[in-house]
Amino acid sequence: MNILYLLIPVGVLFLGAAIWLFIWSVRNGQYEDLEGPAYRILMDDDDPKIPGNQNKEKPEEKE
Amino acid sequence: MTNCFHCDLPVPPGATYKVLIEDIERPMCCPGCQAVAQAIVDNGLTNFYQFRTEKSKNTQLSMNGVLETLSLYDKPELQKDFVKIESGKHHQASLILEGIVCAACVWLNERHVMALPGVIEFHINYSTRRATVKWNDSKIKLSDILKAITDIGYIAHPFDPGRQEKIQKKERSKALRMLAVAGLGAMQVMMLAVAMYAGESQGMDANIQRFMRWVSLVISVPVVFYSSTVFFTSAWRDLKFRKLGMDVPVSLAIGAAFLASIWATVNDTGAVYFDSVTMFTFFLLSGRYLEMMARHRAGMAAEELVRLLPVTATRVSGESETVVSASELKVGDVVRIKPGETVPADGIIIEGRSSVDESLLTGESIPVNHVVGSNLVGGSVNVESPILLRIDKVGEDTVLSSIVRLLDRAQTEKPELAQVADRVAAWFVGAILIIATAVAIYWWQHSPENAFWITLSVLVVTCPCALSLATPAALVAATGQLTRKGLLITRGHALESLAKATHVIFDKTGTLTYGRLECKQVVSLNGDPDSLLLNIAAAVERGSEHPIARAIIEAATENKNVSDSEAITGRGVEATVEGRRYRVGKPDFVTEFNGKQLPHDYMQQQKTVIALGDEDNVIALFILNDVVRENASDVIAAIHHLGLSVSLLSGDQQAVVDAVARQLGIKHAYASMLPDQKLQHIQSLQKQGEVVVMVGDGVNDAPVLAAAQVSIAMGEGSQIAHASADMVLLSEQLSHITDGIKMSRRTLSVIKQNLSWALAYNLVALPLAAMGLVAPWMAAIGMSVSSLVVVINALRLTHE
């Protein structure tokens, strides 16, 4: 069972990483809009890539 | 009748506006919708019509005067209020978007604006309907971006996010971080705790156990010293004011359990409670987070009120006119207000006369006439003709600001039931502390070495985990379910009070009715058919933006040619139709024209009577009335069926109110009520022991809404009404009120089940713990199971 002495601290490190990631995402404003992204994924922005729709114009590239 | 493909309003007869969408000719109601739909098609965004789940807002009604003001936003002196300059050419601003009704609108706006050259970033927050835009100022002007948004039928106002919003954002992000630390910490500690409980019954290597305790200690440190600080500071504040709040025993339990666990870990004896400490912190923080979100949402409504003031004003000094930012106006300044513009501050008219839309303050949709010397209130909208206004109050002194202040006060004074809950909590807390002390004293005398552990296990066992979850869990489940339906709950106590309600009071205008005029009856005085009379009147009124004119135009079936039309502010319109001179407007305006009298009985009974006459005679009377909401009578019947009484309070005249009440089957209808009379009426009902639900929409309803035990504001009502209400009916479907009542009753019964379960658990566990019979792992499992039961029971509410 000595492996626990290694695995548990590794778990704690992962915990630290998870907290850091979460805080980073909060600071990044990812929790400001919890409804929008759910709908956004349904709106196809890749229409021109679908065969048959290729005649539609692609929006201008950004700088 | 066909409806507009874009906004779903009926297409006026004879209109031939059409747009080719996906190879099908779609009917449009007005040039505005046609232009917008055409712009959407031309920009290759036709998919919008597939994606959308709601019909769009009519564009013509809201667009008045918007376009002219857009270029003002390019002025640097104005931009300094709301534009952030990032690096040289990169500018950033926040926008409030009007007209967003569904997710497809967000998609449409983002696609359209991002396609503009020079726009670097454009992002809409769907929850708040606000957007941020970043652009390269050397390539595109802000006004061009705003114009592009208007092209597709939405209106964007730049705004200054303000201090309050920044504070709230900080508060939210801090609460989330605390929640994350507590939640992730609790999971880890719980995992180790389960291992240790298992080890206790099956045998575990002492070294490994000691090691696990130390690891739990390390993980708990940030949870206690970071996440739990909210409880400690608020408990300290309570104690300073000699109060016993919920946070006092919470802090005591967290603090004591944590210290005892540290002591046990260091000395390697007794039990550790790291799992209880972290789980408890996490549960309590989650409840508070949800509460805070609801509060912020309500606060946002109040904040949007402030932006009702226009950002620009046209200042007149001598001959010259300059456009200035509204915040620069001083007392004594003279401003010119064109039709369609918003009054920038309170003042007195010194030149011109016009009708002004004061629906913000009165909830009354028909514009009010004002002449030289009248006082105008900032935030109302000039409808008819240009006026000069001398400013006499600015900033904090304006009526609008005072209403905002009143609102703030009403909000802080409001939650009586929450106070009751606090008092109950204080008793509960007091009882726990007394019992724990008694237990401590008893065991100190009989078995000092066990006293500390037993006292602690009493505190942990009674830690009102299930008890504190019982109510919030049910409320959160029910609130979520109702929000999905379009009934937004802004205050925690609302559901509880709604379940106990005995009396529902409706306001009339805008609540039971749409607040929109419709031509109800045509009285032909010369024998001509109604449709002909309506067509003549509509021709005369064409071009007028007044709601009365719109109602008559909507009722007409044919377009007639009109010439030489002349509008007289506040009275009516005179024009030539098919060679004859007509007047349409107030009865006295028409009788002046031909010197005839009106049939007397029509003058008294109805609110809005419009006459049509030529030089010889009064030809017809049009009786206009508010349109009653479609399912209103079904809803009233359903509320009666639930055992509640219904009454109607209105500021309107007796005859009108009686007619609506009869139509809807309401027995108690009170007319001509001023706001303070409404207030008295509600208070006398409350004295008789009734629990009153008030449903209203206007600013005039705000004090009444605040007085009722539960208040529901209509989604399209004024912002002040929203802010003073406990619930907002975003869906505008009256039937959701009955759904709300039913749901609140179910919620209350779930809360009662939960509370009795939690209490029963505490009553059984407390004596056992006090006798020293509860092992730590038993207490922890008991606590978790009892909390789980409570949560699962609450989740039943999310199923229909």
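Numbered from 1 within each chain, the chains take letters A, B, ... in sequence-line order. Keep in mind it's a predicted model, so treat the numbers as computed, not measured.
Side-chain atoms of Asn43(B) do not come within 3.5 Å of backbone N or O of Leu45(B) as any donor-acceptor pair. In this structure, the side chain of His112(B) engages the main chain of Ala148(B) through a donor-acceptor pair within 3.5 Å.
Within the 4.5 angstrom heavy-atom criterion, only side-chain atoms of Val106(B), from C-beta onward, approach chain A. In this structure, chain A has heavy atoms under 4.5 Å from both the backbone and the side chain of Asn207(B). Only the backbone of Ile124(B) comes within contact range of chain A, judged by heavy atoms closer than 4.5 Å. Heavy atoms closer than 4.5 Å to chain A are found nowhere in Met191(B), neither backbone nor side chain. Heavy atoms closer than 4.5 Å to chain A are found in both the backbone and the side chain of Ile208(B).
The closest side-chain heavy-atom distance from Met204(B) to Met212(B) is below 4.5 Å.
Here Arg177(B) is the residue among Met187(B), Gln188(B), Arg177(B), Glu110(B) with the most heavy-atom pairs under 4.5 Å with chain A.
Listed by chain and number, the residues in a side-chain contact (heavy atoms from CB on, under 4.5 Å) with Ala156(B) are Leu95(B), Leu97(B), Leu146(B), Ile149(B) (sequence neighbours excluded).
Judged purely by distance below 3.5 Å, without hydrogens or angles, the side chains of Asn109(B) and Trp107(B) never pair a donor atom with an acceptor atom.
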